[in-house]
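These notes concern the structure reproduced below.
As the structure is a prediction and not an experimental result, all values here were calculated from the model. A, B, ... follow the sequence lines: proteins, then strands. Residue 1 opens every chain.
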Amino acid sequence: MSSILFSLGGPVSAVLLAVMVGGVLIALVTESNAITAYSVLVDGAFGNLTAFTETLLKAAPLLVTSVGIMVAFRGKAINLGAEGQLYMGAIATTWIGAFWRDLPAGLYVPLAAIAAMIAGGLWAAIPGYLKARAKINEVITSLMLNYVAIYFVDFLVNGPWRDPAGPEPQTPPIVAAARMGYVIPGTRLHTGIIIAAVCLFLAYLLLWRTGLGFRIRSVGSGPDAALQAGINVPATIVLVMMISGALAGLAGMGEISGVHYRLLPGISGGYGYTAIVVALLGKLRPLGVTLASVLFAGLVVGADSMQQFAMVPASLVLVIQGLTILFVIASDAAVIRLRPAR
Amino acid sequence: MQAIFTEAFLIGLLASMISMSVPILVAAVGETLSQRSGVLNLGVDGIMLSGAFSGFAMAYFSGSLWLGLLAALAIGALLGMIHAFISVTLGGDQVISGLAIAVLGGGLVLFFFRAFFGVTIVFPRVKGFQPIDIPWLSSLPILGPLLFHHNILVYIAFLSPFVASYFLHRTSLGLKVRGVGENPAAADALGVNVGNVRYLCVMLGGLLAGLGGAFMSLALLNMYVDDITAGRGWIAIALVIFGKWDPAKTLWGALLFGFVDAFQLRIQGLGVRIPVHLLFMLPYLLTLTVFLLMRKRTQVPAALTKPYNRGQT
């Protein structure tokens, strides 16, 4: 128990410190009061049932994606392409939901989920394969594919998939059978949150209760040692990237099937990047990642309120995110450096 | 379609190529220096954004372009120093530190832009650096307008890969940098201060990235818009590898990307019927393709991303 508290201490202090620096920025740069601004933020995120479900609504895709990032990072695969993989999942979902007209009703959601996972998984397999086979740095390749995926969505919604019924660049809506149901009536919270929780549990089982998970973590701790131990390192790398991409794709499916019901430009709004921050803050552990997802979802939801009612730009949340990671790694590194020599 | 092959179009295209390659070029030269000393800085895009914004804001509010430039260089060096502190002094994970700076830089500029300029549809503009004609050379046919009619930052930018290469290969400090990047323990034993050399290189890298960003807002576009760099910082990092960690060689990669950038911009103006979003993808697909073609990675500085601890082997 004490080890959980100990490992929580670093991230919690990092967030608090980042929030304080944010408060200083608010005081220095805007005309608002930091305390007021932050209380509007907290109220906007957790103040009532609607607010809380909005937070959970954002936490679901964030959680699914960061679980994927957690798996990839555990295998030392730095998947920065979650954003693009999410978009590919959204594209696949829209394809099934909007353009396949005569499927049996119950088939839409599972088919869309599978298609999204395949799309995201394959998109992630590209940088994975390049790293496994040619040692090409997956940081750059996965990032480049993000831009390609985002522009691809732009291309589709402005061009071949554009809904002729309206002026905005977007696809026709998906059929009603392809929508995911609501968990709490009267709110927008859809079954995606349950799917997210299931994915979290399955990832936990995979990483800490299976032989494959052990191999993944071995590759993550030391690829050379893992190779010596007979583990197929290249295959493991591709596999973790694909799992990571599949989960990001699933998050994309959730955004289409649960929230927007059609494909639009900018449908993700940075979940793929925030998920990286969340995974790191959560120390790549299931509990940490869950808490961090809810926290950051709350930050994003609350920031909108903060921008509207307290006149503080919502992008402060990005600043807090960046500062949080910096403080987390700084404290991790400092702890190691300051350890007395043995 | 024939419009592509007029002299005016081609010269305009190539002149554009030169301007548009500047941000990536200087950022890549800076990152090469940093990596040659053994430190990977993934925060380049965030630093470029910060340089673009701080340079713009300073120029806008002070009325002086040079003050703006100075601000951008200072911010770039400062962000580089933060990365150096975490990577060198604390020995922290360089990959994550760089990413954090990229996120932080991006967030800070969004925040400050809204705070200073509010939510606006009309983006604020400045009168940027104007082209300077090099006497006599700029009146040469074809080569004149192409090469010798640019603003001063372009001339500085195109000198930088050669200056950096000379520095690395022909000066004793450059030798120390290379030594620190290949074998810090040996350099340390010979009396080189590994930490100081790395700080210098990372801060220079940040400064140059800031310069690249400032070029975009103060010379290329004469305004600041959200996400002005559109991922160019990441392409710059890729260019370091294409250039095999030699600053002079990053020039070719930068020109190639400048060409693709300029090309997709101008081809739209001609009304050629290629969907515009597919054109936007070109630089990123190009990066991927070139990555695929690069196989020999033997010039990687051996100590890249490894923190140096005296007393450990």
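- How far CD1 of B:Ile96 is from CG of A:Asp332: 8.5 Å, rounded to the nearest 0.5 Å.
- Heavy-atom distances place both the backbone and the side chain of A:Asp154 under 4.5 Å from chain B.
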For B:Leu99 and A:Leu280, what are the C-alpha separation, side-chain angles and deciding distance, and is it a side chain to side chain contact (heavy atoms under 4.5 Å, CB included)? CA-CA 11 Å; B:Leu99 289 178; A:Leu280 289 173; 5.7 Å; no
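- Summarising the local packing, OH of A:Tyr129 is surrounded by 12 or fewer heavy atoms from other residues, nucleotides or ligands at distances under 6.0 Å.
- Chain A forms the most heavy-atom pairs under 4.5 Å with one residue out of B:Gly106, B:Gly91, B:Ser87, and that residue is B:Gly91.
- For A:Leu130, the part sitting under 4.5 Å from any heavy atom of chain B is the side chain, from C-beta outward, and nothing else.
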Check step by step if side chain to side chain contact (heavy atoms under 4.5 Å, CB included) holds for B:Leu108 and A:Leu25. CA-CA 10 Å; B:Leu108 281 173; A:Leu25 275 177; 4.0 Å; yes
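- Heavy-atom minimum distance, A:Met144 versus B:Ile235: CE-CG1, 3.9 Å.
- For a residue to count as touching a neighbouring chain, one of its non-hydrogen atoms must lie under 4.5 Å from one of that chain's; by this rule A:Leu326 touches chain B with backbone and side chain alike.
- Of the atoms belonging to A:Val312, it is side-chain heavy atoms, and not backbone ones, that fall under 4.5 Å from chain B.
- Heavy-atom proximity under 4.5 angstrom to chain B picks out nothing from residues 295-305 of chain A.
- In this structure, chain A has a heavy atom under 4.5 Å from the backbone of B:Ala230, while its side chain stays farther away.
- Using a 4.5 Å cut-off between heavy atoms, B:Phe116 contacts chain A through its side chain alone, with no backbone atom that close.
- Here the closest non-hydrogen pair linking B:Gly231 and A:Tyr147 is CA-OH, 3.1 Å.
- Looking only at heavy-atom pairs under 4.5 Å with chain B, the residue among A:Gly322, A:Ala330, A:Ser315 that has the most is A:Ser315.
- Taking all atoms of both residues into account, the shortest heavy-atom contact from B:Gly92 to A:Ala333 is CA-CB, 3.4 Å.
- Contact between B:Trp234 and A:Ile140 at its shortest, heavy atoms only, is O-CD1, 3.7 Å.
- For the salt bridge (Lys or Arg N to Asp or Glu O under 4.0 Å) condition, the pairs that include at least one residue of residues 224-234 of chain B, sequence neighbours left out, are B:Arg114-B:Asp226, B:Arg232-B:Asp261.
- Taking OG1 of A:Thr141 as the reference point, atom CG of B:Leu288 lies at 6.5 Å (rounded to 0.5 Å).
- Using a 4.5 Å cut-off between heavy atoms, A:Leu156 makes no contact with chain B at all.
- The candidate from A:Thr30, A:Asn158, A:Val139 with the greatest count of non-hydrogen atom pairs under 4.5 Å with chain B is A:Asn158.
- Every residue two or more places apart in sequence or in another chain that forms a side chain to side chain contact (heavy atoms under 4.5 Å, CB included) with B:Phe280 is listed here: A:Tyr151, B:Gln264, B:Gln268, B:Val276, B:His277.
- Looking at A:Phe152, the atoms closer than 4.5 Å to chain B (heavy atoms on both sides) sit in the backbone and in the side chain alike.
- Note: B:Thr89 leads B:Thr89, B:Val109, B:Ile82 in heavy-atom pairs under 4.5 Å with chain A.
- Most heavy-atom pairs under 4.5 Å with chain B, from the set A:Ile150, A:Ile126, A:Leu316: that is A:Leu316.
- Per-residue counts of heavy-atom pairs under 4.5 Å with chain A were compared for B:Leu110, B:Ile86, B:Leu282, B:Leu90; the largest is that of B:Leu90.
- Along residues 41-53 of chain B, the residues that come nearer than 4.5 angstrom to chain A, judged on non-hydrogen atoms, are B:Leu42 in order of number.
- Contact of B:Phe112 with chain A is made through the side chain alone, with heavy-atom distances under 4.5 Å.
- Taking each heavy atom of B:Ala100 and A:Ile325 in turn, the nearest pair found is CB-CB, 3.8 Å.
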